[in-house]
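First the structure, in the form of structure tokens, and then the observations on it.
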Amino acid sequence: MQAPTPAAPPCPPLSGQHRNSFAFTTITKRLPVILAKAVDDLTRTSYALGRDSATSSDDTVQAKREEAKQLLSQLGEIRYELQRDRKLKPIAADHDGDSEHWNRLLQTHFPDGTWLSTPWLVSECYMYRLVRGVFARSTHWRDHDPFARQKQEALQHSATTVNALVGRFHAILRDAATADDHMSATAFAELVNVSLWGNGTDLSLLPNLNAEQTASLQAAMTSEDAHHHTIANDLPALWELVAPLREARIDIILDNAGFELFCDLLLADWLVQSGRARVVHFHAKQIPWFVSDVIRADFDWTHRALRELECFTTLSHHDDLVAMLDRWQSHLSAGRWLLEADPFWTTPYAFWHLPSHAPSLWRALQQSSLCIYKGDLNYRKLVYDCMWRPDTPFHEAIGPLHTAPGAPPLVALRTCKADVVAGLAAGKAEALSLACPEWMVNGEYAVIQLSKP
Ligand SMILES: O=P(O)(O)OC[C@H]1O[C@](O)(CO)[C@@H](O)[C@@H]1O
């Protein structure tokens, strides 16, 4: 078999060409809304500048507001081209430095590709890279994240669930070092489920939730009922792998900021506190990505927000939350928690290409005793975002990440939000389609899938 390429994945790619696909709905309906929200954010931020001129000179404010107008028109242009299914143009050079790489990929594999005809994974990543370019090429808005406001609001809407989780896990985490095997197994299973279902409330899928709706959705997602929606569940095998670990390196390839990140930090805290991990490497994105993905600024903001914002300081478990945050700070200062942001994670490449396209990242991951891949997009990239038969074994669908020499064990914790899946029992997909036609994309079903090379 020839090595797959972005234009020729191991099976036919998900693509907007298929009119009844989630790819088509995303490109034609969801992405224009996401762009409109970025426009709205920039308009509001620019408008607010005038009211806050104490922080910078009037000239700077004027220059920023003038430049914002140009940026707004560039964002509008992206939306225009997308909605007319125009050809994907080369990405203009900017400070992020990977435009040549992108353009080579487009030129080599998709010289005539349009938004709908190019594989979904590529055109969707392309949109976020274009948006980044608009800001990266600017003088005054280079560091502006057009999705930050949404990410921050979403965490604040999660305060009720944050409180419940602190109440549930504060003592378990504090005392993890002395827990017996049964207690450890229970804590681990619960925390994996929290981290898994923390992926459920997604800004790109559910952009308009208020605090009440968020709380009730999160409660549903962490309930017993939700666990019956885990349609492939390697948790027992995962525990067998994790239980004997001592002082290991564990990697978490992060997905969303806000509530999901908080859930991931709980799991990471347990890994360190229980002595299983000596170090946890968190992998964030280098640029704003898929609306809610974690960038460095989100990571830092989350720690501050949980400590300082009124919606958290007034929680009944706030003191315990602060004790937890103090410990997390000490994990960071002592290098037990490390945050990284390799540029590979924001390329359009499936992870089949990780060993060849990001060799130093791959060498680092080879040192890991377990790589935890969070969320839907990471899953799509693991399985090359193509139309596997749902009963294809998971390890087959991840290709080199299972077969490459020195491939570390990995687990995918993913709520299903795209019409691709592998590793289900024979007949499961058919049964699910009868019970719930939207099961692949509505975020109500999930998988915990392990590869142990
Ligand atoms: O945050 P996650 O879980 O990666 O989900 C990303 C979302 O974006 C998509 O990848 C495409 O818009 C969906 O598949 C999913 O709804």
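In this chain, residues are counted from 1 in sequence order. Side chains included, hydrogens not; waters and symmetry mates left out as well; all remaining heavy atoms used. Counting starts at 1 for both ligands and their atoms, following the listed order.
For Phe299, the ring pair (Phe, Tyr, Trp, His ring centres under 6.0 Å) partners two or more places apart in sequence, or in a different chain, are Phe282, His303.
Side-chain contact of Trp328 with Asp269: a donor-acceptor pair under 3.5 Å is present, judged by distance alone. When only modelled atom types and interatomic distance are considered, Asn442 and Glu438 share no side-chain donor-acceptor pair under 3.5 Å. Residues Arg30 and Thr26 bring a donor and an acceptor atom of their side chains to less than 3.5 Å of each other. Defined by atom type and a distance below 3.5 Å, a donor-acceptor pair is present between the side-chain atoms of Ser117 and Thr114.
Aromatic rings of Tyr384 and Trp352 (six-membered ring for Trp) have centroids within the 6.0 Å cut-off, being under it.
Using a 4.5 Å heavy-atom cutoff, the side chains of Phe188 and Arg276 are not in contact.
Distances between N or O atoms of Leu377 and those of ligand 1 include at least one value under 3.5 Å. Distances between N or O atoms of Asp293 and those of ligand 1 include no value under 3.5 Å. For ligand 1, the polar-atom distance check finds no N/O of Trp120 at less than 3.5 Å from any of the ligand's N/O atoms. Taking only nitrogen or oxygen atoms, main chain and side chain alike, Glu124 reaches within less than 3.5 Å of ligand 1.
Under 4.0 Å from ligand 1, not a single heavy atom of Arg414 appears. Here Val441 has no heavy atoms under 4.0 Å from ligand 1, in either its backbone or its side chain. Here Asn256 has side-chain heavy atoms under 4.0 Å from ligand 1, and that is the only part of it that gets that close.
Residue Glu260 places no heavy atom under 4.0 Å from ligand 1. Under the 4.0 angstrom criterion for non-hydrogen atoms, Tyr379 is not in contact with ligand 1.
Here the CZ atom belonging to Phe312 is positioned 5.0 Å from the CG atom belonging to Leu306, to the nearest 0.5 angstrom.
The ligand atoms of ligand 1 that sit less than 4.0 angstrom from a heavy atom of Thr26 are 12 (O). Applying the 4.0 Å criterion to heavy atoms of Arg30 picks out, from ligand 1, the atoms 11 (C), 12 (O), 16 (O). Set against the non-hydrogen atoms of Ala418, the atoms of ligand 1 under 4.0 Å away are 14 (O). Every atom of ligand 1 with a heavy atom of Asp376 under 4.0 Å away is listed here by number and element: 2 (P), 3 (O), 4 (O), 5 (O), 10 (O), 13 (C), 14 (O), 15 (C). In the vicinity of Asn199, heavy-atom distances shorter than 4.0 Å reach the ligand 1 atoms 3 (O).
For Lys381 (side chain) and Trp345 (main-chain N/O), a donor-acceptor pair under 3.5 Å exists by modelled atom type.
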